Each structure stands twice: as C-alpha cells, then as structure tokens.
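Okay, structure first, notes after.
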Amino acid sequence: MKAGNNHRLKGRSLSLTLVVLIVTTIALWAWEKNPFANTLLLAQEWYIAPSSEFHVDARNDSVVSMKPTEKIVVNISDSIITKAEENFGTAPVDSISALSPETIDRNEDMTSSSETKVCNYAKGRWVADSRRPLYSGLGCKKWLSAMWACRLTQRKDFSYEGYRWQPESCEMPEFERSAFLRRMQDKTIAFIGDSLGRQQFQSLMCMATGGEESPEVQNVGKKYGLVKARGAIRPDGWAYWFPKTNTTILYYWSASLSDLVPLNTSDRNTNVAMHLDRPPAFMRRYIHCFDVLILNTGHHWNRGKLNANRWVMYVDGKPNEDKKRNEIGNAKNFTVHSIVRWLDSHLPSYPHLKVFFRTISPRHFFNGDWNTGGTCDNTTPLSGGSEVMQDRSSDPVIEGAVKGTKVKILDITSISKLRDEGHISRYSIRGTTDVNDCLHWCLPGIPDTWNELLVAQI
Ligand SMILES: *[C@@H]1O[C@H](CO)[C@@H](O)[C@H](O)[C@H]1NC(C)=O
Ligand SMILES: *[C@@H]1O[C@H](CO)[C@@H](O)[C@H](O)[C@H]1NC(C)=O
Ligand SMILES: *[C@@H]1O[C@H](CO)[C@@H](O)[C@H](O)[C@H]1NC(C)=O
Ligand SMILES: *[C@@H]1O[C@H](CO)[C@@H](O)[C@H](O)[C@H]1NC(C)=O
Ligand SMILES: *[C@@H]1O[C@H](CO)[C@@H](O)[C@H](O)[C@H]1NC(C)=O
C-alpha cells in the first residue's frame, strides 16, 4: 500500500461521501414516506403472508392470492440453532472490526488488493449479440420456476434475450459452461438472499447445464439441511452437485440477511426475533463449505413485510430500543454493514472463499406501483439508452458497506436499470391477473448477465 496514493484517495472519497450522504438521505426519506413502494410480491416466502398479498402454489410454483383466513404454517423448529453457533454469531459487532493490519495484508492476494487497479465492470454498454441467450427458456424447465420462464407464458416478444453487457475497459471472457465448470472443480458456489437471489441461482443452473436435461446433476439439498419441513410450501433452499467436476451450486432463502429466531417455538403465530447484527444461522453453519458466496437483500426492507412476517428487530441479543435504528433504511444499512464486517473478520479463516455483495435489483413500475396498477409494458430494448458512464454504484448502501473490506461488490443496479423491458410484466402466471410483476426478471434474461459479470470477477 503506498501512502501517497492513500492520501489522494482520501481527499476524493471525502467529497464523494458528501454526495452519497445527500443522495442517500433523500432516498431514505422517500423510502420511509412510502414503505409499500418497496413491497412486492415477495410474499412467496416463508412465515406468514398477509391476506392482501400472494404466495406460491407449491404444485406449480405460480403466485396465487391468499384468502384472508389462509395461513402458511412453517415448522419453525428448523430455524433453531445450536448453542455453539449462537456464541459464534453474537460476538459484539464492534469487536469484530478490531482486526490487526497484518491479518488484512496477508490475505490481500486472495481478493482485489488495493494496489491493483480494479476494473469497474458496471461501466460499459449493452450490445446486441446473436449468441444470446446462453440457454433455452423452453429447454431449461428443470431449473426454472414456471413463473419466471417467460417462454412458457403468453409473452410473444423475446428481443430482451439478445443482449450482452460489454464493460468499457475490462476483460469480459465469453461464458463457456464446460470451461466454467472446470474452473469450479471441487468448489461450492452459494447464493444467499431474497427471491432475486433465487433468480440468479436458477439462471446459473441453466447456464452451467446449458439448459439441457442433466441426469448426472444430483440434488444434495439434504447435505445442507435444505429439505421441505412439514407444513412448509417448499424448502429454504436447494443444492445441486455436478459429479464430473465435483461442483456444487446452492441457494438459501434469507430475505433480510439477518438471523431469524422464533421467540416461542411451540406457537405457530410467534413473533420472530430478527437479529440485525448477526448473519443467518445457515450462513454461519456452512460458510466453511463455500468457495464463492453471493449475497443480496433489499426488497423486503419495508414495514409491511416486517409486520406481516412478525419480525421484531433485535440488536445485541435484545429487542432494539434505538429509535433511529428502528427506521427501516437505517436498520437495513446497519444489517448490511454488520454482515459485511462479520464476513471481513472471518475471511482470514477461509482463504479460499470469495464473497460478493450484489447490489439491489431495480424495479420498473410505471404509472402506479405494484398494487396500484403499475406496469412495465415497454418491449423495445434500451429505449432509455444503452450505456452506464458513472463510476459510482447506484446502490450507495452496499457500496458503502463493502468499501475497505475484502467483500467485493457485484454491481448490477445501473446496468439493470436500462432493461425495463426484461421483467415478467403482465405475463405472470398467477391466480390474479391485475398485478404486473415489474420486479422479477424473465429467464433467460438480465440475471444471466449478473452471472456473467460474477464469473468474470471470481
Ligand atoms: C396452479 O395451481 C393452482 C391451484 O392448485 C391453480 O388454481 C392454478 O390455476 C394453477 N396455475 C397454473 C398456471 O397452472
Ligand atoms: C469434492 O470437493 C470437495 C471440496 O469442495 C473435497 O473436499 C472433496 O474431497 C472432493 N471430492 C472428490 C471426490 O474429489
Ligand atoms: C418439526 O421439525 C422437527 C425437527 O425437524 C420435528 O422433530 C418435528 O416433529 C416437526 N414438527 C412438526 C409439527 O412437523
Ligand atoms: C408459547 O406458546 C404456547 C402456545 O401458544 C403457550 O402455551 C406458551 O405459554 C408460550 N410460551 C411463552 C414463554 O410465552
Ligand atoms: C450506514 O452505516 C454505516 C456504519 O454504521 C455508517 O457509517 C453510514 O453512515 C450509514 N449510512 C447510512 C446511509 O445511513
């Protein structure tokens, strides 16, 4: 690390911090004013969805609206963690950051060190490419949820499938699945996050298998405790193993990236402690198995979702009493910072592990919101431009949290903002037809590009 460089960087980041602060303040203000703007049908998740929202029909994976009396019952005993893990996870957050500089330097070679100039993959442009998509939307039935496979819906326009992202000045190797699997020999790639993380997981499964039926790929969910609990509509995640290269790709559902612990395990309507300052138990338990970890969160951070799920904020093992932290934007920022700090302090113990924090996936509701008739009807790709020129991420929370740590940013926000035509839109398979999905993406589609960017940076 060179001292001169450091000073220049500091001066520059000071003024940038100011800009970020102002922008974030405005964003947070807007967020708090209209929390439901961030709610979408992510209700296809566990715990209890409110009557006004939706859940996923387990038989065909479509989103259906719920009758007010219906409740999703979850076997919450599965979330209970052992005493040892409890202690591991509840180390005071502040003590975590007390890392010696030696520890950090020794491990710099495993991630982008501050000396090598890191290329900004998020700066560049979309270009038409006849070699896209990377797999067939009809041929990847095995890994895609029917609700996200737009080729299986009434949708007739598929021009959104024919583009790739060209970073301005980074090496962007063409994705080739056998080369990818060879590189991932003996490795485990784990996605932890909300349903947008699940989309990225399904996309990578299609990319890695080519979307063909792949009888050799085995379901190894059990190995990670990913089995459907009695009464649940589906497991908390999935894990698949590629025997030829001994590669595992898995996904675990954690919408908030905080540790959820039911307060009364014998009460199915119990409140759930949402520990903002410690990672999900699953992550703590299996982190030693992972070689690549991709995190995301964002769209569940609103008051409606928290209330519906009976999530109660906890900090330091106790109900949160800090009024400022109780504000959703602050709570999210605190959680993201906590998990990044936790990872940064534990990474020295897992030298093979690379962690990426994916920035937020943009929503595109026009003329209303998800529940007030908002739509995303444009079918012409890139009608709003094809280039991202800015240097900074459009997600200042994630950008701020990973700064100066060994956790890398997978910045897809601005890139994806240009692709409003790539959402499920009105073609959602669901019980009610009056709601457009302008949050999730068609697959194949935009999340494939997120994976190409991921693979280029592993
Ligand atoms: C999915 O299943 C539900 C109930 O089982 C049914 O009402 C709905 O029509 C099905 N959707 C599709 C697309 O098959
Ligand atoms: C598969 O990879 C794991 C590491 O992820 C390794 O521990 C194991 O020995 C490998 N198995 C074989 C058969 O090579
Ligand atoms: C919940 O899961 C636990 C352990 O996985 C099991 O022992 C228990 O019988 C289950 N309870 C219900 C109601 O399914
Ligand atoms: C937990 O829930 C059960 C069932 O509703 C109830 O009987 C019990 O009193 C509760 N325990 C505590 C400690 O609140
Ligand atoms: C997020 O949290 C970090 C660490 O506590 C703090 O430095 C930063 O100012 C916070 N950002 C926002 C936007 O609240």
Side-chain angles (χ1 to χ4, degrees), residues 13-14 16-32 48 71 73 75-77 80 92-94 96-97 181-190 216-218 220 223-224 239-250 257-258 261-273 276-277 286-293 297-298 301 310 312 315-316 319-320 322-345 350-354 357 359-360 392-405 407:
S13 64
L14 246 167
L16 285 171
T17 306
L18 236 147
V19 174
V20 171
L21 258 174
I22 293 164
V23 170
T24 316
T25 308
I26 295 167
L28 288 180
W29 171 80
W31 196 336
E32 275 294 294
I48 293 149
K71 284 210 168 114
V73 181
N75 186 345
I76 50 183
S77 62
I80 305 306
V93 179
D94 282 335
I96 283 171
S97 54
L181 284 171
R182 270 200 309 279
R183 250 179 84 205
M184 294 295 113
Q185 172 107 33
D186 301 325
K187 297 203 189 313
T188 297
I189 303 167
E216 78 280 7
V217 175
Q218 293 173 26
V220 292
K223 203 178 138 191
Y224 300 89
Y240 295 103
W241 182 61
F242 295 69
K244 280 183 201 145
T245 53
N246 187 23
T247 303
T248 302
I249 302 180
L250 74 82
L257 294 183
S258 51
V261 182
L263 292 171
N264 180 347
T265 52
S266 49
D267 179 2
R268 61 171 57 164
N269 291 323
T270 184
N271 282 347
V272 177
L276 303 184
D277 53 353
Y286 294 107
I287 189 168
H288 67 279
C289 306
F290 304 154
D291 298 281
V292 181
L293 172 61
T297 187
W301 288 95
R310 297 171 197 269
V312 182
V315 174
D316 206 10
N320 173 49
D322 183 332
K323 279 216 169 71
K324 269 213 108 59
R325 185 167 292 153
N326 190 51
E327 286 169 26
I328 294 288
N330 293 339
K332 176 194 166 194
N333 183 52
F334 177 72
T335 300
V336 168
H337 275 261
S338 298
I339 199 166
V340 168
R341 228 175 326 175
W342 186 88
L343 281 162
D344 198 41
S345 67
Y350 310 107
H352 300 295
L353 175 61
K354 286 183 182 173
F357 213 124
T359 62
I360 195 156
R392 304 299 301 255
S393 173
S394 295
D395 185 341
V397 173
I398 307 301
E399 184 179 51
V402 303
K403 192 167 185 231
T405 73
V407 176

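One-based numbering, in listed order, for ligands and for the atoms of each. Treat the numbers as computed from the prediction; the structure is a model and nothing was measured.
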Protein residues that have a heavy atom under 4.0 Å from any atom of ligand 2, sorted by chain and number: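 These residues qualify: Asp186, Asn246.
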Ser338: which of Asn333, Asp277, Leu257, Leu343 passes side-chain contact (heavy atoms from CB on, under 4.5 Å):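 Option passing the side-chain contact (heavy atoms from CB on, under 4.5 Å) with Ser338: Asp277.
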Sole residue of Phe290, Trp241, Tyr286 in side-chain contact (heavy atoms from CB on, under 4.5 Å) with Leu250: Phe290
Do you know the tightest heavy-atom contact between [X] and [Y]?
X: Val315; Y: Arg325; value: CG1-NH1, 3.6 Å
X: Leu263; Y: Thr270; value: N-OG1, 3.5 Å
X: Ala401; Y: His337; value: CA-CE1, 3.6 Å

Enumerated ligand 4 atoms positioned under 4.0 Å from heavy atoms of Asp267: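 Result: 2 (O), 5 (O).
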Per-atom contacts of ligand 4 with Ser266, taking only distances under 4.0 Å to non-hydrogen atoms: 1 (C), 2 (O), 3 (C), 4 (C)
Side chain to side chain, Ile189 and Met184, heavy atoms closer than 4.5 Å: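 The answer is yes, as the side chains (C-beta and beyond) meet within the 4.5 Å cut-off.
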Proximal ligand 5 atoms for His337, defined as those under 4.0 Å from one of its heavy atoms: 1 (C), 2 (O), 3 (C), 4 (C)
Atoms in ligand 5 with a heavy atom of Asn333 nearer than 4.0 Å: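 It comes down to these atoms of ligand 5: 1 (C), 2 (O), 3 (C), 8 (C), 10 (C), 11 (N), 12 (C), 14 (O).
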Backbone of Thr188 reached by a side-chain donor or acceptor of Asp291 within 3.5 Å: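 Yes, the answer is positive, given that a donor and an acceptor are paired below the 3.5 Å cut-off.
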Check: Ile360 main-chain N/O paired with Asp395 side-chain donor or acceptor under 3.5 Å: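 Between the backbone of Ile360 and the side chain of Asp395 there is a qualifying donor-acceptor contact (under 3.5 Å).
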